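Right, one structure below, let's go through it.
Basis for what follows: all heavy atoms, side chains included, without hydrogens, waters or symmetry-related copies. Labels below follow one simple rule: chain letters A, B, ... track the order of the sequence lines, proteins then strands, and each chain is numbered from 1. No experiment lies behind these values; they were computed from the predicted model shown.
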Protein chains: 2
Amino acid sequence: MKPGVSSDTFPPRSHEAKRISVVEAAASVFCREGYAGANIDLIAAEAGVSRQTVYNHHGDKEKLFMAVVRDLTERCNAGIFATIATFPDQPADVESDLVAFAVRMNRNCICNRDGRFLRKLIQAEGERYPELFAEWREQGPGRTWSALAARFARLAYAGHLSIDDPDVAARQFLALVNAELQITFMLGGMPTEEEVLRSATNGVRTFLAAFGRRKAAPARQAALAHA
Amino acid sequence: MKPGVSSDTFPPRSHEAKRISVVEAAASVFCREGYAGANIDLIAAEAGVSRQTVYNHHGDKEKLFMAVVRDLTERCNAGIFATIATFPDQPADVESDLVAFAVRMNRNCICNRDGRFLRKLIQAEGERYPELFAEWREQGPGRTWSALAARFARLAYAGHLSIDDPDVAARQFLALVNAELQITFMLGGMPTEEEVLRSATNGVRTFLAAFGRRKAAPARQAALAHA
DNA sequence: ACAAATTTAGACAGGCTTGTCCAATTCGTC
DNA sequence: GACGAATTGGACAAGCCTGTCTAAATTTGT
């Protein structure tokens, strides 16, 4: 704002780049070591900046932690909404389209770096910062579950599913397609592509056995309905 | 061993009592504060003993942590197996019996003190102690899931369910009956009795919609089969 | 009641961490 | 090329924590 009104935004350039670098390194270290075990020197080293720069940008450890959680929440939410936008509203084949959707959701939102980090921070430090995580809860699961439920309701209304309570169905869908990944998630690991696919396939099959419309010849019906 | 061979076991009496008291206080503090943030003085105070006593019993912080995890793992496993033993092998009414079983499982094993503590420690510190948590994984989920799958297989063999892969069904059963408690678990909270019941009811209904035998008049058939 | 073991409170050194300060240096912009 | 802002490295005090040690007090078993 002060230095000059020339190129792009007010801070020169690498100022913001370093800020991001610090937040990312901090996310990694906070997750690995926990809040108390996280060491500012280590964060600075991992970000490739000096310790003083960390303090210049974020004030103190607690403010840095808050910035990390806000950043992760924002990016994860964006990813989840972007993925929900790819929900199959007019499925050619309900099963394979839902499996593909579940795999996308896992890959882009739950198993990726941001998703794993945010989950771990919430689990580990959620009780210590009630307002911060209440905010996450409202803007995250609160809104994304509603959005997903709306998509399932539409699918049911179009006759592809038979659902009583779309909110319950949405939560159960997520629970089912992740059923076989629980342990891996618990230990902070990253499931293989094959594990994700298998869990999604098994989950969607059960989901459709419970909520799918009965159909005499599935493949033919689907083909006719769409072609 | 040395002092006398008289009353019960070698350490007098409150020796062992204090040991247990320390482990329990340690579990609580490790969960609240994380491994790095846990303070031996605080653990000692919460256990009602002096700091030196903690060191006398457990050597150092890391050994104490291991003792805590071993203790929790053991008690949780015992609870889970005891609860699996109450699985309804000859259900009067499949739905209500499975709901009751799911509620028991949640109340006695997953939502209770030990269950919440163990889960949080695994999530937070699992990556730091690979062998310790590999041991938990083998003796915990590895064996309990098999045991539960065997019970579902028996239920299917007896004609109450229609299941392809009992292992998958067991995992999905657990995922479904906990589907609505995920957020609460994530934040380390304790769901109310009513929340547990509702999640279990919704989960079992979906589970039976997917795996239940079709039945024309459910109530009558169940009554006939049993009475 | 006595003797042995355990527990306690407190002090203590050593190490690590946070957060601040400052002079020297680098970087981006004009 | 020169100016100003940002960055760096290092030193620094203050605080906290672990783990050890000691002498006194308490408990336990006989």
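- Using a 4.0 Å cut-off between a side-chain N of Lys or Arg and a carboxylate O of Asp or Glu, A:Glu95 and A:Arg205 qualify as a salt bridge.
- OP1 or OP2 of C:dG28 has not a single side-chain nitrogen or oxygen of A:His15 nearer than 4.0 Å.
- Counted within 6.0 Å of CG on B:Asp164, heavy atoms from surrounding residues, nucleotides or ligands total 12 or fewer; the atom is thus considered open.
- The CD atom of B:Glu16 sits 13 Å away from the P atom of C:dT6 (whole-angstrom rounding).
- The interatomic distance linking B:Asn56 (CG) with C:dA9 (C1') rounds to 13 Å, in whole Å.
- Between the side chains of B:Asn202 and B:Glu180, at least one donor-acceptor pair of N or O atoms lies under 3.5 Å.
- In this model, the phosphate group of C:dT8 is approached by a side-chain N or O of B:Thr53 to a distance below 4.0 Å at OP1 or OP2.
- Between B:Lys18 and D:dT26 there is no side-chain N or O to OP1 or OP2 distance below 4.0 Å.
- The neighbour count for B:Glu135 CD, taken as heavy atoms of other residues, nucleotides or ligands under 6.0 Å away, is above 12.
- For the residue pair A:Ser28 / A:Glu46, a side-chain donor-acceptor distance below 3.5 Å is found, with atom types taken as modelled.
- Considering only side-chain N and O atoms, A:His57 lies under 4.0 angstrom from the phosphate OP1 or OP2 of D:dT7.
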Along nucleotides 15-21 of chain D, 5' to 3', which nucleotides get a B, which get an S, and which get a -, given that the test is a protein heavy-atom distance under 4.0 Å? --SSBBB

Can you list the steps and then say if A:Arg171 with B:Gln182 is a side chain to side chain contact (heavy atoms under 4.5 Å, CB included)? CA-CA 9 Å; A:Arg171 284 194 290 267; B:Gln182 294 292 340; over 6 Å; no

